[in-house]
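Read the structure below first, then the notes.
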Amino acid sequence: MTSDQTPLVIAVDGPAAAGKGTLSRRLAAHYRLNHLDTGLTYRATAKALIDRGLPLDDEAVAARTAGGLDLSHLDRSVLSAHEIGEAASRVAVMPQVRTALVEAQRGFSQTMPGAVLDGRDIGTVVCPDALIKFYVTATPEVRAKRRFDEITGNGGSADLASIQADIEKRDARDSERADSPLRPAADAHLLDTTEMGIEAAFEAARRLVDAALEH
Ligand code: CDP
């Protein structure tokens, strides 16, 4: 239920390289909402630690770093590097880091007119009251190929087998951690994009959002 006073929130979760980001950007543009890729907040925390020569596993230091981030200045082109994803999933297991970032993410979600947030725990922890929740997935093979195409499409070089191995390792770390593990919210709509292009995924999601808005 939304009104002029209530921000409209759409939660998009799922494993690495499932297509959450592209879908979320499309939904945000269509419904004129803000968009936050919450993965960038974990990536920015990891990158700040690396740049300052600080350890990735000191919880107090990492939480202070996370608390000092400016969410309005997250540079996707720098943060999307494949290696930063691995470091991000290591800092993301620490509860104090999550507390600092989740607070900022919730604040973002409550800014009018509302937002699409994508990540691992949006529907379960960050925005449990979202109007609608999606859990986007695809087989590890397809997700690895998409990440490979993204890297090589940007002029980089990559090895498909090692990308798949990295993605599977990161999914396992994200799913097995004690705090806010990766899992679909009970009321999430499952979108398996293994055999679905971005347009088809967007159309399926749009129909479900429109139906939720009518209730
Ligand atoms: O783009 P990709 O799916 O590869 O990763 P990402 O969404 O940028 O997330 C990077 C890492 O941050 C994930 O592997 C998670 O460990 C962590 N993360 C999280 O714990 N919670 C979120 N809401 C978003 C990301």
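Every number for a ligand or one of its atoms is a count from 1 in the order of the listing.
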Could you give the side-chain donor-acceptor pairs of residues 10-24 under 3.5 Å, partners two or more places apart or in another chain?
residue : atom : partner : partner atom : Å
D13     : OD1  : R120    : N            : 3.2
D13     : OD1  : D121    : N            : 3.1
D13     : OD1  : I122    : N            : 2.9
D13     : OD2  : I122    : N            : 3.2
D13     : OD2  : G123    : N            : 2.8
K20     : NZ   : G14     : O            : 3.3
K20     : NZ   : P15     : O            : 2.9
S24     : OG   : K20     : O            : 2.6

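The list of side-chain hydrogen bond (donor to acceptor under 3.5 Å, both in side chains) pairs with a residue in residues 99-111, not counting sequence neighbours, reads T41-Q105. Counting only residues at least two apart or on different chains, the salt bridge (charged side-chain N to carboxylate O under 4.0 Å, His left out) pairs with a member in residues 135-146 are R143-D171, K145-D149.
A distance limit of 4.0 angstrom between heavy atoms and ligand 1 selects the residues A16, A17, K20, T38, G39, Y42, R43, A88, S89, A92, R98, G119, R120, D121, R147, R170, D174, R177.
If you run side-chain contact (heavy atoms from CB on, under 4.5 Å) between L40 and each of L69, D75, L74, L71, only L74 comes through.
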Please assess V126 against T38 for the test side-chain contact (heavy atoms from CB on, under 4.5 Å), listing each intermediate value before the final yes or no. CA-CA 10 Å; V126 181; T38 61; 5.8 Å; no
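For the pair S175 (side chain) and A172 (backbone), a donor-acceptor distance under 3.5 Å is absent.
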